[in-house]
Protein chains: 2
Amino acid sequence: MATIRDVAKEAGVSVATVSRVINSNGYVNEETKKKVEKAIQLLNYKPNAVARSLFKKQSMTIGLIIPDITNPFFPQLARAVEDVTNEKGYTIILGNSDESSEKEQEYLDIFEQKYVDGIILATNTLTVEQIASLGKPVVAVDRPIDSGVPTVVAEHRRGAQAAVRHLLDTGCQTIAHIRGPEHVVSADERCKGYLDIVKDKPWFSDQLVINGHYAINDAYKAASELIKDRPDVDGIFAGNDLMAIGALKAARELGKKVPEELAIIGFDGIDMCETTFPELSTMVQPIYELGATAANMLIELIENRRVNQQYYEYPVQLKVRNSSRGRPPKDVNHADNI
Amino acid sequence: MATIRDVAKEAGVSVATVSRVINSNGYVNEETKKKVEKAIQLLNYKPNAVARSLFKKQSMTIGLIIPDITNPFFPQLARAVEDVTNEKGYTIILGNSDESSEKEQEYLDIFEQKYVDGIILATNTLTVEQIASLGKPVVAVDRPIDSGVPTVVAEHRRGAQAAVRHLLDTGCQTIAHIRGPEHVVSADERCKGYLDIVKDKPWFSDQLVINGHYAINDAYKAASELIKDRPDVDGIFAGNDLMAIGALKAARELGKKVPEELAIIGFDGIDMCETTFPELSTMVQPIYELGATAANMLIELIENRRVNQQYYEYPVQLKVRNSSRGRPPKDVNHADNI
DNA sequence: TTGAAAGCGGTACCAG
DNA sequence: CTGGTACCGCTTTCAA
C-alpha cells in the first residue's frame, strides 16, 4: 500500500503538501495540487486511517453495545444506527453484551483503546461512573441509565398503561402481566404502567404478575401455568412481543381461544407480530427512529460537543390486531370491534 | 490516559521493558516485572490499540459485510461471528450492503484503511479481483463468490431438491416455486434444485417460477397472482422462509386452505417459522454454525495463513410442520402424516 | 505557498 | 536482563 511519502516522492513535493491537499486545508497552489492528485491517482493512494487516528486521537468509529442482535428488537435499531453514522462517515463496532456487565466493561475498555469516538448503549448494568470515566460521548438508547446521560427511549410506562386500558376496553375482567427481567429498566417501567392501572382493581393480586424474561420460551412456560392456575384470567399484557408470542402458543395448546377467551397484547412492534395467528396486537415503538435519533445525537455530541436536547422520549402506538379484538366488549362499544 | 512512557517513568525503567512485560515476551527480571505491574495498576494503564496497530499493521478487528441485519437470517450469523471472534480477542465492524456493490466496495476501502485483519462477506456482487486486491484473508459465507475464496455455505441446491421431493411425497400434483432475486447465488441454486426435480414433469411450465426477491411483500403479491391464475397449484416451494410467510398470507386471504389445498415449504429455518399459523415447514440451515465456521476459518487464515479445508458445505435439514403436513398423501404413506 | 521536523504511543532491534 | 532508538504513516506547527 502506498504511503503519503510515496505520493510525495512521485509528485516531487513534501509530505506536508500532500497532507494539505488530501485534507484540503492550508494553502496549496493549483499546479502542485494537480500534480499531487495525479500522483494519488497513479499510486491508488488511500490515507492510512490508523496513523491518522493515532495523531488525531479519534477514529471515525462508534461503538454500539446491545444485549443480543438475535433479539428481533435490535436489528432494526442497529440498522438505524449504521445508516445514519455511515452517512456521516463513521463506522460501527458491534458488541453483544448478553446483559452481562463484565462483557460490557470489556467492550468499553476495547473502545477506549481503539479511540472510538462515541458509544451507543442499550444496557442497564452499567453505572454512571463507568460511563463518565470514559470521557467520551455516550448515548443510552431503549434503556435509560442516568439522567446525566443523553438518552433516547420510548414511553414504556405510558405505553403499558395504554395497553392495559385497551384490554379493559375490550372487555377483559382479569388481566395478568408477563413482565420482562427484573432490573431491566424497560421491563420495570412497563410493569409499573400495568400496576398503575390495575393495582386498585378488586381482582388484582400479585399472583397476576409473572416473569417471562423477555423470552418466548420462558413466557410460554409461565403463561401455561398461569392459564391453568387462573382460568379466570381473560387478558394478558406481555412486556414484549416475544413473550406475547409465547403466551399465544400456551393458549393455543391449552385450548384457550384467543381473543374470545383470552386477549393478548404485546409491546415493541416487531415484524413477527404480523405473522402469528392470530396476528398480535401490540404497542408499537418507533424502533428505527430511536436508533436514528440516538445516532444523530451522538454525532452531534462528538462533533460539536453540545446539543440542544438531551432526552428524547417517543410515544408508542397502540396497534390492534386479532389477538385482542373481536371479543364482545362488556361496557364499551367500539365500531371496529365487530 | 496514561501512556507507556508514563508507566516507564513511574516504574523507573525504560519503555522497552514495559513493552516486554505487557507483551510477556523477552527476558525480564521478576523484580522489575513486579515494579512495572504496580505502575500499570497505579496509573490504570491500558495499551493504546491504535499505536500498536500502526506498528504491527493489524488491528485485531475483522470486517463483516452482510446485505441487511434486518433480514432475520443474518442476526444469528452475525452473532456467531461475533461470539467466536470475540472469544479470540477480535472485534467486529459491521456493514450492511443492501446488495449494492458500491456500498460493499466502500466498506472494503474502509477496512483496508483501518488495517482490518480479515473479512467475512455475505455477498455476490463482488468480484474475485476486488477481493484478491485486498491482500487480506476473506471468507465468503452463505453465498459463494469464487472457488478461489474460502467459503462456508449450505447445500442450497440439494436442500431445494429435498423440499420439492417432500412436497411430492405429501401428495402435491403441481408445485410452484417462488424464487429469490436473480443473480443471488443462493436463490439461483435453490431454483436449480427445484428445476432438477420438476423440469421433466408433465405439468411443469416456466409460469410456475415466480420471483419474490426474498421479501415477504413481494412474495405475497406474486403468490396472490399465482394462486388466482393457477388454481391447480397445490404446492409452493419458497426460496426462503420470509417468502413462504408471504405466500401463507396470500393463501389465507384468498381462502386457500393450508396445507389441505396448498402445501407450503420455505427455506432457512428462521425463528418466525414456529410462530406462524400454520407453523411453517422449512429446510433448516445451521445458520449459527455457518457463521461460527466462517469465523473460525478466518481466524485460522489470519493467524496461520494456512488452513486444511477451504470449502464447507453444510447439509440442510427438512423440518416438517403443519404448512405441509396433514394432507392425504396420494401415492405414499407416512405414519406422521396422519 | 512549501518543506523540515517533532510528535501521536507503541514495538523490536541492537548494544551493553 | 535492560535501555536507547529508529521506525509505523500521518498531521501540524514553524520557518523559510
Side-chain angles (χ1 to χ4, degrees), chain A residues 1-37 39-40 43-61 89 109-117 135-136, chain B residues 1-40 43-61 89 109-117 135:
Chain A
M1 237 183 83
T3 76
I4 198 172
R5 261 169 259 275
D6 300 330
V7 176
K9 196 170 297 171
E10 176 67 34
V13 299
S14 76
V15 297
T17 301
V18 177
S19 177
R20 285 191 200 96
V21 352
I22 63 186
N23 295 294
S24 39
N25 75 11
Y27 301 97
V28 40
N29 179 29
E30 268 307 312
E31 289 296 289
T32 46
K33 186 174 165 192
K34 287 256 172 7
K35 279 195 302 187
V36 171
E37 278 165 349
I40 288 178
L43 300 174
N44 183 230
Y45 168 72
K46 300 194 201 75
N48 180 320
V50 176
R52 196 175 260 177
S53 290
L54 180 58
F55 186 91
K56 313 245 292 190
K57 294 181 188 314
Q58 45 129 297
S59 59
M60 295 306 282
T61 104
D109 289 343
I110 292 178
F111 289 169
E112 193 176 354
Q113 303 186 73
K114 295 206 175 184
Y115 280 158
V116 153
D117 298 330
K136 285 184 205 304
Chain B
M1 238 184 82
T3 74
I4 197 173
R5 267 167 253 274
D6 299 330
V7 176
K9 196 169 297 172
E10 176 68 34
V13 299
S14 75
V15 296
T17 301
V18 177
S19 178
R20 283 190 203 98
V21 351
I22 63 186
N23 296 294
S24 39
N25 74 13
Y27 301 98
V28 39
N29 179 29
E30 268 308 313
E31 288 298 291
T32 45
K33 186 172 165 193
K34 287 258 172 4
K35 279 195 303 186
V36 171
E37 278 165 349
K38 209 168 55 190
I40 288 177
L43 300 174
N44 184 228
Y45 167 73
K46 300 194 199 75
N48 180 320
V50 176
R52 197 176 259 175
S53 291
L54 180 58
F55 186 89
K56 313 245 291 189
K57 293 178 188 314
Q58 45 129 301
S59 58
M60 295 306 282
T61 104
D109 288 344
I110 293 178
F111 289 169
E112 193 177 354
Q113 304 186 71
K114 294 206 175 181
Y115 280 158
V116 153
D117 297 332

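Quick note: numbers below take in every heavy atom, side chains included, and nothing from hydrogens, waters or symmetry partners. Numbered from 1 within each chain, the chains take letters A, B, ... in sequence-line order.
- Comment: B:K34 engages B:E30 in a salt bridge, judged by a side-chain N to carboxylate O separation of less than 4.0 angstrom.
- Atom pair A:M60:CE and D:dC10:C1' shows a separation of 16 Å (rounding to whole Å applied).
- One interatomic measurement links the two molecules: CD of A:Q58 to P of D:dC10, which rounds to 16 Å at whole-angstrom precision.
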Using the side chain to side chain contact (heavy atoms under 4.5 Å, CB included) rule, take B:R20 and B:N25 through it: C-alpha gap first, then chi angles, then the decisive distance, then the call. CA-CA 5 Å; B:R20 283 190 203 98; B:N25 74 13; 4.2 Å; yes

N/O donor-acceptor pairs under 3.5 Å from side chains in residues 6-16 of chain B, not counting sequence neighbours:
residue, atom, partner, partner atom, Å
B:D6, OD2, B:T3, N, 2.8
B:S14, OG, B:A16, N, 3.3
B:S14, OG, B:T17, N, 3.3
B:S14, OG, B:T17, OG1, 3.3

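- Atom CZ of B:F55 and atom C1' of D:dA6 are 9 Å apart (whole Å).
- Running 5' to 3' along DNA chain C, contacts with non-hydrogen atoms of chain A at under 4.0 Å begin and end at C:dT1 to C:dG9.
- Rounded to whole angstrom, the span from the CG atom of B:N25 across to the P atom of D:dT2 amounts to 13 Å.
- Here the side chains of A:T61 and B:K114 are in contact, with some heavy-atom distance below 4.5 Å.
- Under 4.0 angstrom from either OP1 or OP2 of D:dC8 there lies no side-chain N or O belonging to A:N48.
- Atom P of nucleotide D:dG4 and atom CD1 of B:I4 are separated by 13 Å, given to the nearest angstrom.
- Among the protein residues, B:S53 comes within range of no part of the nucleic acid, since none of its heavy atoms lies under 4.0 Å from any strand.
- Of all the heavy atoms in A:S59 and A:Y115, the pair that sits closest is OG-O, 2.6 Å.
- For B:K56, there are no salt bridge (Lys or Arg N to Asp or Glu O under 4.0 Å) partners two or more places apart in sequence or in a different chain.
- Note: CG (B:L54) to P (D:dG9) measures 7 Å, nearest angstrom.
- Counted within 6.0 Å of NZ on A:K46, heavy atoms from surrounding residues, nucleotides or ligands total more than 12; the atom is thus considered enclosed.
- Taken residue by residue, residues 9-18 of chain A places heavy atoms nearer than 4.0 Å to DNA chain C at A:V13, A:S14, A:A16, A:T17.
- If you take NZ of B:K33 and P of D:dT2, they are 11 Å apart, rounded to a whole angstrom.
- Nucleic acid contact class of A:S19 (heavy atoms, under 4.0 Å, all strands): base.
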Does A:R52 form a side chain to side chain contact (heavy atoms under 4.5 Å, CB included) with A:I22? I'd like the steps, not just the answer. CA-CA 12 Å; A:R52 196 175 260 177; A:I22 63 186; 3.9 Å; yes

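- Taking CD1 of A:I4 as the reference point, atom CG of A:L43 lies at 12.0 Å (rounded to 0.5 Å).
- Taking B:K33 as the reference, nothing meets the salt bridge (Lys or Arg N to Asp or Glu O under 4.0 Å) condition, with sequence neighbours excluded.
- A heavy-atom distance below 4.5 Å is found between the side chains of A:P47 and B:Q113.
- Contact annotation for B:K46: backbone-only contact, meaning every heavy-atom pair under 4.0 Å involves sugar-phosphate atoms and none involves a base.
- Across the interface with DNA chain D, nearest-nucleotide mapping of B:R20 and A:R5 shows B:R20 to be the residue nearer the 5′ end.
- A distance-only check finds no donor-acceptor pair linking the side chain of B:S24 to the backbone of B:V21 [under 3.5 Å].
- Rounded to 10 degrees, the angle separating the terminal helix axes of the helix from C:dT1-D:dA16 to C:dG16-D:dC1, each built from five base pairs, is 50°.
- Nucleotide D:dT13 holds its C1' atom 15 Å from the OH atom of A:Y27, rounded to whole Å.
- Residue whose closest nucleotide on DNA chain C sits further toward the 5' end, between A:V28 and B:A51: A:V28.
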